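Below: the structure, in structure tokens.
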Amino acid sequence: MNKRWKTSLSKQFIWFMSGFLVLILLSAIALGVYSQSVEQKYRTKVNQLRTEQQYAVQLEDSLNHMFFEARGYLAFRLESPFLNEYRKEQETIDQKIDDLDERITDSDQSAFIEDLRKYLIRYDSLLNQAMTFVENDSTSGLRSLSQGGGGSDLVYTMRDRMRELVRSIEDEIYSTEEELIERLSNIQFLFVVFVIFLLLIATIVAGIMARRIGKPLQELAVASSQVSSGESVDMPHVRREDELGELARAFNLMVSNIQQNERALITTNEALVKQSEELKGSKSELEQNVQEMNVQKLVLEHRNELNRSLASTLNKNELLQSIITNMIYILNSDKGLVVMMNQGRDYASLGIRQDKVHEWIDSMMDGPVVKVIDQKKHHIVRRTMTAGEGGYHDGVGHSSDLYLPILSDDSVVAILCITRIGKDFNNQELQQISGLSGQISLALDKLRLYETTENERMVNIEILNTIREGIQLVDREGTTRAINNQMCTMLDTCFPEGDQEKSYGEWSKKFLQQVDSKDRDAVQEYICNVIAGVKPKQSELIYQANGEASLFIQMYYEHIYNADKFIGSIFVHRDITREHQVDEMKNEFVSTVSHELRTPLSSVLGFTELMLSKELKPEKQKKYLNTIYKEAKRLTSLINDFLDIQRMEAGKQNYEKKPVNLQEIVEEVLDSYRINATKHSFFIEDLTDCYELIGDADKIKQVFNNFISNAVKYSPDGGSIVIRFYEKQGNLFVDIEDEGLGIPEDALSKLFTKFYRVDNSDRRQIGGTGLGLAISKEIVTAHGGGVTVTSALGKGSTFTLSFPLTTKKEMRPEKSDDEMDAAVLIVEDDDSLALLLMEEITENGWSVHHCRSGETAIKLLETMNPQGIVLDIMLDGRMNGWDVLKAAKEKEHTKDIPIFVSTVSEEKQRGFDLGASDYLIKPYPPKKLTKSLIKSLVNKTNNGKILVPDYSIEDTEEGS
């Protein structure tokens, strides 16, 4: 052990450090155990004192409570609850005194406990005496017992002594904690002293080790410096048996070896000098060989580059440039060019000015190229070099031009011309060129085939991009092979880098993100089945796509086969959002119309049944009839709106345009609303005196009735409705302004769409079909005008109508006041309507004849010459109204009779073709028929015409 200790510095250091660490560890453990025991001891003592304090405080509270109950008994003289509570608290105090006595170790405190028990016995004795005075109702005895008997003093004494006990325990807790803090501070001080002591020991140990290792190392360093200077020295410390001795011996051995090697190197160097002289002679030969090898390496590199270009390049310009560049390097030539024999004469050159290239291409069919094309083999032209080729050299030199045809299917597709200055082409190079020309020919054929295929592909892509549906072509593995722009625009499924040939996992992930979550699984299953060649359950699938605007897409597919082999599928995505919206609007329209129709029908049927089943007073009958009339008018309005929109879509809406006064029409509409809409105030602002325009008065009245009706409906809380007339740029403008609910901004663009109604809780209870505004805009547009709207939500809306003004004055025919005592023939198969018309016409001074069939009407016209004919189209018998109309117009004595068509049919144009000019659409107010009769009979120019007024139920306002 002692020997190993002396011969190993590392072991000495390890033993020093191990002992030092053991000392630190043992000392730290001792200090930790000691501080833990001290802390545990004082913590136990503090916990015991806090328990005593808790019991003392509880005892104090119980004493105070007992005194309170006793005083309550003496004050109020009630045994319950005061005396009973006193007894209970007395028992509790005895138990708490016993518990506290068990935990108190201090003699003074134990003495206090004994005194407390005596005080309590004495207090109980005094209370018993007081109870006797209470029973005898002796207040004076109680007073004397309290003052002279010492009762009050006893209570105060016990209270003060109890407080002293609590205070003494608290003082003891405080002193114990202070003592613990002081002990812990002393331990910390000892730990700091111990750390300083350890650092001192570590410093001493480090100094000893430094002296034992550092000084010998310094001596070895001095000796090595002397050896490197060439001095001969004895190496110190070679006899030591530790690591330093081993180092000194190894260093000494190394010095000896170096000296021996130095002598050997000197001998070797002399031999090398002799060999160097011999190598200098062959240096020039080696350099020449290396130069030739570099040339061959460069040629091989360019040949490999040419092969790579021929195999992989599909860009024409890049391929041609690679051919001419690499061929010039392979043949060790100076310049050249390659020209395609196509219509565009595509070319690439190296070492030649562009103007010279174009000049040569333009004239190449006048030179050696013709011979090359005819013979289909190479041709060499040996010529005198130009001044530019000769450069700064004097004398006359020559250059060789090699013309090489590139053949494809025995046709020349390109000409390769390479020039070498000052040197001819040998046979080996010509054979090499012949082999390369075949490779170039194959590359050009491949390029031509690729260009043809690429052109066809681009044409197919352009065709796909012109299709309005999204088209996607996938192979049987699911990889996208083609996709059109509509697919990218509609569904945002294209990738930004431009490479759209993506695997199924890549494109399906991006595509399915655009599909609504509720449809995603069905779409994915559909796509997977189609790609796998399996026929899905349904050939078409409709899904919803998410984006800036939600789209509804109809997807279908077609499988692609090549010689009965399944090779892929085409997916077609068609945007049916508009059709879906129209379908939803129609469904909503059907629901709305059903509700709107059932409500007035219920009223009509209910009041009709009531009038049929009960005897009612005349005023009630009139009231019910008025209600039935209003509901029927409401039904007619709905039907008229639907028929109007149908005629407008079919382009069959006709207008009888005459001079009209717009102000009079608005006043007429407002008269009815002033009576019925009592919550609203109506005002007209005249900012112009021009109201004349050419238009259909009934249709224009329908427009204003719709807009004013909306202004009333959509201001349910009432308010002012202002009609403002003003003129601007030759047009008459009318503002209809309300103070109602207003229109949301996102609904303004859809407001005049058929069946559209603003979806809002404020408007949900307001009826309507969503056709009024669409019809009104169509009518205004047909009159050369327009409709605009401005609105603020919650503040109201303003609809602005514009009409072109006319300078012509209206020519109003004077109505005749003379009664017409002439017959009118009514041809109608509905007896109820015929009776109604007969009553109306008879009241206006005409006699009336009625028949139900066309055959009867023809017979009556043979014996009578009526002033007018009211003709239904749908009649009993074999003849319809058109047959009667034709027969009447063909006979001389009946062709000039005015005929009023009264029907539900919408074939106005057919009536006009037969000479019609008036057409009554059922239902219509009877007074309109008499008005037309008077108008036609007074105006002689109308004799012989078939009058076709298109009335709706709103026109009866003036008659009602």
Side-chain angles (χ1 to χ4, degrees), residues 590-643 672-673 675-678 705 709 713 765-769 824-853 856-857 870-877 881 900-906 920-933 951-960:
V590 170
S591 175
T592 303
V593 168
S594 299
H595 176 268
E596 295 291 331
L597 289 175
R598 286 174 180 170
T599 302
L601 276 175
S602 299
S603 299
V604 170
L605 292 174
F607 283 110
T608 304
E609 183 179 359
L610 189 62
M611 293 177 66
L612 290 173
S613 60
K614 291 185 179 182
E615 292 291 336
L616 301 174
K617 295 180 180 180
E619 58 272 15
K620 281 212 168 186
Q621 286 184 354
K622 185 176 181 180
K623 179 180 178 182
Y624 292 167
L625 285 171
N626 188 41
T627 303
I628 292 172
Y629 172 74
K630 288 182 178 178
E631 295 299 331
K633 182 176 68 173
R634 182 177 168 190
L635 277 173
T636 305
S637 177
L638 291 172
I639 295 170
N640 283 340
D641 282 348
F642 187 72
L643 294 177
S672 63
Y673 285 101
I675 297 172
N676 298 320
T678 56
N705 191 65
S709 173
K713 284 194 298 184
Q765 302 301 323
I766 299 176
T769 61
V824 175
L825 176 60
I826 297 177
V827 186
E828 174 63 61
D829 63 347
D830 188 336
D831 293 336
S832 299
L833 179 58
L835 179 61
L836 179 62
L837 296 177
M838 290 170 65
E839 290 289 336
E840 178 65 26
I841 294 172
T842 303
E843 288 180 2
N844 285 276
W846 282 289
S847 59
V848 182
H849 293 279
H850 171 231
C851 64
R852 295 175 52 86
S853 67
T856 305
V870 179
L871 177 63
D872 188 10
I873 298 300
M874 309 299 293
L875 298 172
D876 288 346
F900 300 85
V901 177
S902 170
T903 183
V904 296
S905 174
E906 298 283 341
L920 281 76
I921 306 282
K922 294 179 182 179
Y924 57 87
K927 286 195 174 184
K928 288 299 180 180
L929 176 59
T930 58
K931 178 180 176 181
S932 295
L933 283 168
Y951 300 120
S952 63
I953 201 67
E954 283 91 348
D955 298 329
T956 64
E957 291 292 341
E958 63 180 7
S960 61

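This structure is a prediction, so every number in the text was calculated from the model and none was measured.
With sequence neighbours left out, the side chain to side chain donor-acceptor pair (under 3.5 Å) criterion links Ser709 to no other residue.
Contact detail for Val827 and Ala857: the closest heavy-atom pair is CG2-CB, 3.8 Å.
Side chains of Leu825 and Val870 form no contact here, defined as non-hydrogen atoms less than 4.5 Å apart.
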Name every donor-acceptor pair, under 3.5 Å, that has one atom in a side chain of residues 607-623 and the other anywhere in the protein, sequence neighbours excluded.
{"from": "Thr608", "atom 1": "OG1", "to": "Val604", "atom 2": "O", "distance (Å)": "2.5"}
{"from": "Ser613", "atom 1": "OG", "to": "Glu609", "atom 2": "O", "distance (Å)": "2.8"}
{"from": "Ser613", "atom 1": "OG", "to": "Leu610", "atom 2": "O", "distance (Å)": "3.4"}
{"from": "Gln621", "atom 1": "NE2", "to": "Leu616", "atom 2": "O", "distance (Å)": "3.4"}

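Distance check: Ser853 OG to Asp872 CG gives 12.0 Å after rounding to the nearest 0.5 Å. Put simply, NE2 on His850 and CD1 on Ile841 are 11.0 Å apart, with the number rounded to the nearest 0.5 Å. Rounded to the nearest 0.5 Å, atoms CD1 (Ile826) and NE2 (His849) are 10.5 Å apart. The structure places CD of Glu828 at 10.5 Å from CG of Leu836, a figure rounded to the nearest 0.5 Å.
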